[in-house]
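Read through the structure below, which is laid out as structure tokens, and then see the notes.
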Protein chains: 2
Amino acid sequence: MHRSRLFGIFIDTPQGEAGAAAAFWSAALGTTATPVPGEEEFIALRDAFPGLAVDVQAVDDTPRYHVDIETDDVAAEAARLTALGAVVEVDNGGHRTLRAPGGHLFCVVPVQSEGDLFDRTARTWP
Amino acid sequence: MHRSRLFGIFIDTPQGEAGAAAAFWSAALGTTATPVPGEEEFIALRDAFPGLAVDVQAVDDTPRYHVDIETDDVAAEAARLTALGAVVEVDNGGHRTLRAPGGHLFCVVPVQSEGDLFDRTARTWP
């Protein structure tokens, strides 16, 4: 058995505009823009929504949103989701990027939530 | 004064693949796919995340995600967000589509949440 939950929304933004995007989104949602130490491409919009990570992520690509699913077993969760029809696009080992039926990219990542949020809210899969 | 909050994530999917996308995402997130009566382009993934709407939306466009901000005053909220740097792309009167600094589309819509969720969680703007 393993568990997973929707972890967050990522606002993927071209590198040169990430600061402006973070300033906008933090003001729009009434929160702060906090750089993530050691992960310079991420700017966290903490408490933008209860229990949901919302981050601006600087990318070398066009603007888009994506979502992350966090899990206590990345391999098992990726296997579950590919059995449902997703396709693995990038396998980083630690995390994987998949494409869903319909064409949307999303990531499967190890548990990132702080405290007992994951334990309280994740769904359990056989 | 008016109020707003992040309302939901919309999984915009080309018309012909919306059913497959809804089947995938409902299973992925451990919920059900429920057509929205009278709004046939929407398939609600109810309770995918506490307090957050997650819907597959059939579109005549390429796959993407977008977010909605709900508000008790669409005009005032659109004015607040354009003052922060967003640009109105489509003004439907009842709801508006804006583009944020960084390039992301999002919608400003009237309050959609059921019960007292909006009153309990919306932020108040001067």
### Task
Please check if any side-chain donor atom of B/Ser4 sits under 3.5 Å from a side-chain acceptor atom of B/Glu70, or the reverse.
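Side chains of B/Ser4 and B/Glu70: no pair found under 3.5 Å.
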### Query
Could you go step by step and tell me if A/Asp73 and A/Arg3 meet the salt bridge (Lys or Arg N to Asp or Glu O under 4.0 Å) rule?
CA-CA 7 Å; A/Asp73 188 332; A/Arg3 293 174 294 166; over 6 Å; no
### Query
Can you tell which of B/Thr62, B/Val56, B/Leu52, B/Val54 has the highest number of heavy-atom pairs within less than 4.5 Å of chain A?
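Ranked by heavy-atom pairs under 4.5 Å with chain A, first place is B/Leu52.
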#### Entry: Heavy-atom pair count under 4.5 Å with chain A, highest-scoring of B/Ala20, B/Ala28, B/Ala21, B/Gly85
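Top count of heavy-atom pairs under 4.5 Å with chain A: B/Ala28.
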### Query
So B/Phe10 and B/His66, would you call those rings parallel, tilted or perpendicular, with 30° and 60° as cut-offs?
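Correct class here is parallel.
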### Message
Taking A/Gln57's backbone N and O only, do any of them form a donor-acceptor pair with A/Asp55's side chain (distance below 3.5 Å, no angle check)?
### Response
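Side chain of A/Asp55 to backbone of A/Gln57, a donor-acceptor pair under 3.5 Å: no, none is there.
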### Message
If we ignore hydrogens and angles and just use 3.5 Å, is the side chain of A/His104 paired with the main-chain N or O of B/Arg64 as donor and acceptor?
### Response
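Yes, because the side chain of A/His104 sits within donor-acceptor range (under 3.5 Å) of the backbone of B/Arg64.
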### Query
Among A/Arg5, A/Glu77, A/Arg80, A/Glu17, who wins on heavy-atom pairs under 4.5 Å with chain B?
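Heavy-atom pair counts peak at A/Arg80.
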### Query
Which of the residues A/Ala23, A/Pro14, A/Gly30, A/Gly103 is involved in the greatest number of heavy-atom pairs with chain B at under 4.5 angstrom?
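Heavy-atom pair counts peak at A/Gly30.
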### Task
Please state whether the side chain, the backbone, both or neither of A/Arg123 comes within less than 4.5 Å of a heavy atom of chain B.
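The side chain, not the backbone.
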### Task
Identify which part of A/Ile9 has an atom lying under 4.5 Å from any heavy atom of chain B, answering side chain, backbone, both or neither.
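When you check distances to chain B, only side chain atoms of A/Ile9 fall under 4.5 Å.
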### Query
So which heavy atom on A/Gly51 is nearest to which on B/Phe49, and how close?
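Where A/Gly51 meets B/Phe49 most closely, the heavy atoms are O-CZ, 3.3 Å.
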### Task
Tell me, for B/Ala86 versus chain A, whether the close heavy atoms (under 4.5 Å) come from the side chain, the backbone, both or neither.
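B/Ala86 touches chain A through backbone and side-chain heavy atoms alike.
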